[in-house]
Amino acid sequence: MCNFLFMKSKECLNENKVRKIPLVVICSPTATGKTRLALDLALPCGGEIVNADSLQVYRYLDIGTAKPTSEERQAVTHHLIDVVDPDEDFNAAVFAEQARTIIEKIAHRQKPVFVVGGTGLYIRALLQGIIATPPVDENIRNHYRGIRDRLGKEHLFGLLRERDPEAAARINPHDAVRVIRALEVLEQSGQSIVTLQKRHAFADCPYDACKIGLQIERSELKERIALRTAQMMEAGLVEEVRGILSRGYDERLKPLQSLGYKQVIEFIRGKYDRDAMVERINRDTWQYSKRQLTWFSADKSIKWFAPDQSDAIRKTIEMFRRES
RNA sequence: GGGUCGGUAGCUCAGUCGGUAGAGCAUCGGACUGAAAAUCCGAGUGUCGGCAGUUCAAUUCUGCCCUGACCCA
């Protein structure tokens, strides 16, 4: 089955992108076994794995992001893991750009590509593109953040309503993240984010993707999350966080405010005890997994399997390669 | 044994000068175009500790009981 993908990639290049590069995408909520499945699929066919997880891209955040181990990374080539420091900028557009470059190269090497991760927006940006705007300008963003903090969300939204009524009509006044984004796009590009979105419409699709999702019953997923949190504790997540902080990274950095890291920092700061920390990580991870499920469930092109249906998954991928 | 303050949603608590109740968190559902493990939106929650009394009407007033914390002995 891997030969077929191999052929496809070659054709794709020879015919100068007349055919789309085939991709296997493994996307599902956290703790469902994506990493394991990806290794099982990629190893026998010499495939390479492209990470699509927004936090595994950061160096030093290993235990809490459940990165593949160094053994696993030796067995199969992984891309877009450990590519930036915790204080460096990274986002969906940067991800998509880098992932596309990498996938191009893997295809050129004539290896099958497996995109694996739980960050829905990153996968969408990779497969369907994202609006083209100037890179984020931290000065501009901080300016609007300052307005939010000093004058409040209402005032911030008032600015958007004044300058870009169409965007204001589509964004919730309390959603300051999106209000700021709309304001900065307008300021940097001179265009409404709505105009750019309408023009773009997720139509930039250079790949032929076979999306595989791993589905686990709720009660079992809850158990798996609790088990994984316990394993992270045992593996030294608290020590990992202390190490990152002692490198001088500010605890307010985006990746350190993420699931797991945030709660460990609050524990270190004495906001609550170890049991409460574990409880919160479990609860917040569960909430996150539900948000992921909401996102992925809306994507009707995902084919869902139980983790033990590896034969069915292999067959599905084989069929995909034959058809594409 | 006496006194004081409590017992209201899964949790923490607000409230009803008598007309059967609410906020935050949790729970459930949803959105998501350069922060996405982020951010935001929507929904429901209940014998208002128990039993009696007064009243057209009691979660609200009164009595007794149960129960928790604290104080005195």
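Order of the sequence lines sets the chain letters (A, B, ...), proteins ahead of strands, with each chain counted from 1. Keep in mind it's a predicted model, so treat the numbers as computed, not measured.
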Atom-pair distance (CG on Leu55(A); C1' on A38(B)), nearest Å: 9 Å
Which residues share a side-chain hydrogen bond (donor to acceptor under 3.5 Å, both in side chains) with Thr229(A), sequence neighbours left out: Asn282(A)
Those residues that, when tested against Gln197(A), pass side-chain hydrogen bond (donor to acceptor under 3.5 Å, both in side chains) (two or more places apart): Arg170(A)
Neighbour count >12 (heavy atoms, 6.0 Å) for atom NZ, Lys262(A): no
Side-chain N or O of Thr119(A) closer than 4.0 Å to phosphate OP1/OP2 of A36(B): no
Close aromatic pair by centroid cut-off 6.0 Å: His200(A) and Phe202(A): yes
Ile180(A) CD1 to A38(B) P, straight-line distance once rounded to whole Å: 17 Å
Separation of A37(B) P from Phe296(A) CZ (nearest whole Å): 9 Å
Distance, rounded to the nearest Å, where Glu184(A) contributes CD and G34(B) contributes P: 9 Å
Nucleotide A35(B), atom C1' - distance to CG of Leu256(A) in whole Å: 14 Å
Tyr261(A) side chain near A37(B) phosphate (N/O to OP1/OP2, under 4.0 Å): no
Phosphate OP1/OP2 of U39(B) contacted by Lys153(A) side-chain N/O (<4.0 Å): no
Arg252(A) CZ to A37(B) C1', straight-line distance once rounded to whole Å: 20 Å
Side-chain donor/acceptor of Arg178(A) to base of A38(B), under 3.5 Å: yes
Show which side-chain atoms of residues 143-150 of chain A pair as donor or acceptor with protein atoms under 3.5 Å away, not counting sequence neighbours.
| residue | atom | partner | partner atom | Å |
| --- | --- | --- | --- | --- |
| Tyr144(A) | OH | Arg163(A) | NH1 | 2.8 |
| Tyr144(A) | OH | Glu187(A) | OE1 | 2.5 |
| Arg145(A) | NH1 | Asn142(A) | OD1 | 3.1 |

Rounded distance (Å) that lies between atom P of A37(B) and atom CG of Asn91(A): 12 Å
Separation of U33(B) C1' from Asn172(A) CG (nearest whole Å): 17 Å
His174(A) side chain near C41(B) phosphate (N/O to OP1/OP2, under 4.0 Å): yes
Protein-nucleotides 24-26 of chain B N/O pairs closer than 3.5 Å?
| residue | atom | partner | partner atom | Å |
| --- | --- | --- | --- | --- |
| A26(B) | OP1 | Gln287(A) | NE2 | 3.4 |

Pairing pattern in dot-bracket form [Watson-Crick, G-U; both distances under 3.5 Å; | = partner strand] for RNA chain B: (((((((..((((.....[..)))).(((((.......))))).....(((((..]....)))))))))))).
A36(B) phosphate, OP1 or OP2, under 4.0 Å from Arg291(A) side-chain N/O: no
Pairs involving residues 208-235 of chain A, ordered by first then second residue, that meet salt bridge (Lys or Arg N to Asp or Glu O under 4.0 Å) (sequence neighbours left out): Lys211(A)-Asp299(A)
